[in-house]
Amino acid sequence: MLREAAVASRPWLVSPPLDSRSLALRRLIVRGLEGGGRGHLGSAFSLVEMLRVLYDDILRYDPQQPKWAQRDRFILSKGHGCLGLYAILADKGFFGAEHLDKFCHFDGMLGGHPEASKIPGVEASTGALGHGLSIGLGQALAARIQKRDSRVVVIMGDGEINEGSVWEAALCAGKHKLGNLTAIVDYNKLQSYDRTSIVQDLEPLTDKWRSFGFAVHEVDGHDVLALRALLKSLPFESNKPSCIISHTVKGKGIAVAEGNPEWHHKSKISAKELADLYAELEG
Amino acid sequence: MRKTSLDMVYELARQDERVVFIGSDLGAGTLDEFRDEMPDRFFMEGVTEQNIIGMAAGLAMEGFIPYVNTIATFLTRRCYEQVAVDLCLHNLPVRLIANGGGLVYAPLGPTHLAIEDLAIMRALPNMTVVAPSDKEEMARFIPQTLDLPGPVYIRLAKGGDPVVSQAELGFAVGKAILMRPVGRVLLLATGVMTNRALIAAESLAKAGIDCGVLHAHTVKPLDEAQILDLAGKVDGIVTLEEHTLVGGLGSAVNDLLNDKIGRSAPSLLRLGIPDRFPDKYGSQDDLLGYYGLQPEAITESVRDFVGRIG
């Protein structure tokens, strides 16, 4: 009964099963992990449905013209989740999936954090945490001055928003009433050391963003239909920046990795583990 | 110098729609005309230096040329990672106008002194570092910032500094200006220390020690060609900077002489601020005197140096 009551009030506790597209994107991420022999798998897996819906249904872009002025801008501020971004960019044809095989290689294009100068489709070089929202709001202000209808979406990690710079940016975005800016928090409840509630508790998180001038909604970050409906309703209010608290599961899709801090970053991965990952992601 | 630079940013903004201004929490009335005439390109964002640098980066990615202004130490130490990653790694044309470089804020103590700004800005790839000597040189420099590639750090002096730069000698970023022809010694200075070098050179000439004065307004990229050329003509070089001796102009010159000339390089004396936080207040001039960086002490140091090198 307790469980049912909890689910009724917080429906994201039970996500629908992953469909074939979500599994295929996760296999691309594992391909990168295999190529580099390392990677932030858990951090990338929590992002997949958000990235998928953004790139399938929401963002305006042209893989043949990555710098097209009228495009929407997307910044993965939690740069360590880059394998998720690389998977969707490869899927969309910004570059060939074979680049994943050279993830983190000396002469590879795709490094352990995304770099704008090297990778088509990457708007900003991130990895140092707490930078993306400020850059994104600068881009949103630029669009306003230039009278472009481009939108800016920034995904941050929950651990990332420990950074004070994020809250400086939130103050600023609220002040400027940037309706063309959306901040998404990948709230998988785990940071590197332990649960976010233990390391640096973020609650009450929606209240925080709301008090900084954002229009805030929560969603199950693995529910494709719910994400699509919510993202299509952006901006939530025309004269406020939007914030989405996206409830996710770190390592989503792999039983051993789900909610397991040991899978935040993997640097030693055996052939057996890789085979098991691929097997679990069959679809 | 600050007024000159900000007035010129306003003029540049009137001529060029790419120019935007971002301040932190500057004095009341700063650039009111800019705000009134071009409100969509004027930003005053409060004491949020990390955010301001990221925001400037975002604007620059979209074709704008942001001029960011606040106190030097808060524009360097406070947001160093943003300067490094958002500006330098992306190589974006953001201009950092840093009030009160060096010892200008002497009465306010070490939290407000920017005495390692040249070192830490110089350490970043893609960054240009400039310290003009006076407001007239600033006026020649600022228009050139419009089309410089990459980020630029502009160190402002106190204001009301004696004008020693000369229009006929011109101004080009990266090109040091020979203000006085070399003798046995070359005094190599940046910012407001060039004025003090010129005064010291005058006294030294009277004492029979002829010193040239090279004004290295651009600390990065250093005018290596000219310094190496002059190094071949003198017995000694004395660097003068309102800056810690760790990593600034003197260090840059030392590296250059060592790497490019080696054992036959002229002797080098580096004058600057010792590696400790200032423990006195007073005025900028008081602290420069305390550290032996006023003309009289410079003259004495150069005399001793010449005596040592024989």
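Within every chain, numbering begins at 1; the chains are lettered A, B, ... in the order of the sequence lines, protein sequences first and strands thereafter. Please read these numbers as outputs of a predicted model, since none were measured by experiment.
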- Task: Counting only heavy atoms closer than 4.5 Å, note whether B:Glu49 contacts chain A via side chain, backbone, both or neither.
- Result: backbone

- Would you say A:Glu168 and B:Glu45 make side-chain contact, with heavy atoms under 4.5 Å? no

- Tested for side chain to side chain contact (heavy atoms under 4.5 Å, CB included) against A:Ser134, the lone hit among B:Thr48, B:Ile52, B:Asn51, B:Ile53 is B:Asn51

- Message: Does any backbone or side-chain atom of A:Arg73 lie under 4.5 Å from a heavy atom of chain B? Answer side chain, backbone, both or neither.
- Response: side chain

- Residues of residues 58-84 of chain B with any heavy atom under 4.5 Å of a heavy atom in chain A: B:Gly58, B:Leu59, B:Met61, B:Glu62, B:Phe64, B:Glu81, B:Gln82

- Message: Could you check whether any side-chain heavy atom of A:Glu115 comes within less than 4.5 Å of a side-chain heavy atom of B:Leu89, counting everything from C-beta outward?
- Response: yes

- Query: Counting heavy-atom pairs under 4.5 Å to chain A, which of B:Val85, B:Asp86, B:Asn91 comes out on top?
  - Reply: B:Asp86

- Task: Step through the shown structure and confirm whether more than 12 heavy atoms of other residues, nucleotides or ligands are within 6.0 Å of CZ on B:Arg2.
- Result: no

- Task: Please indicate whether B:Lys220 has more than 12 foreign heavy atoms, meaning atoms of other residues, nucleotides or ligands, lying under 6.0 Å from its NZ.
- Result: yes

- Item | Within 6.0 Å of NZ in A:Lys266, more than 12 heavy atoms from elsewhere | yes

- Residue selection (most heavy-atom pairs with chain B, distance under 4.5 Å) from A:His131, A:Lys67, A:Gln146: A:His131

- Message: Checking the side chain of B:His90 only, and the main-chain atoms of A:Ser125 only, is there a donor and an acceptor separated by less than 3.5 Å?
- Response: yes

- Taking atom CD of B:Glu17 as the centre, does the number of heavy atoms from other residues, nucleotides or ligands within less than 6.0 Å exceed 12? no

- Portion of A:Ala124 that has a non-hydrogen atom of chain B nearer than 4.5 angstrom: both

- Query: Does atom NZ of A:Lys240 have more than 12 heavy-atom neighbours, drawn from other residues, nucleotides or ligands, at distances under 6.0 Å?
  - Reply: yes

- Under a 4.5 Å heavy-atom cut-off, does chain B meet the side chain of A:Ala116, its backbone, both or neither? side chain

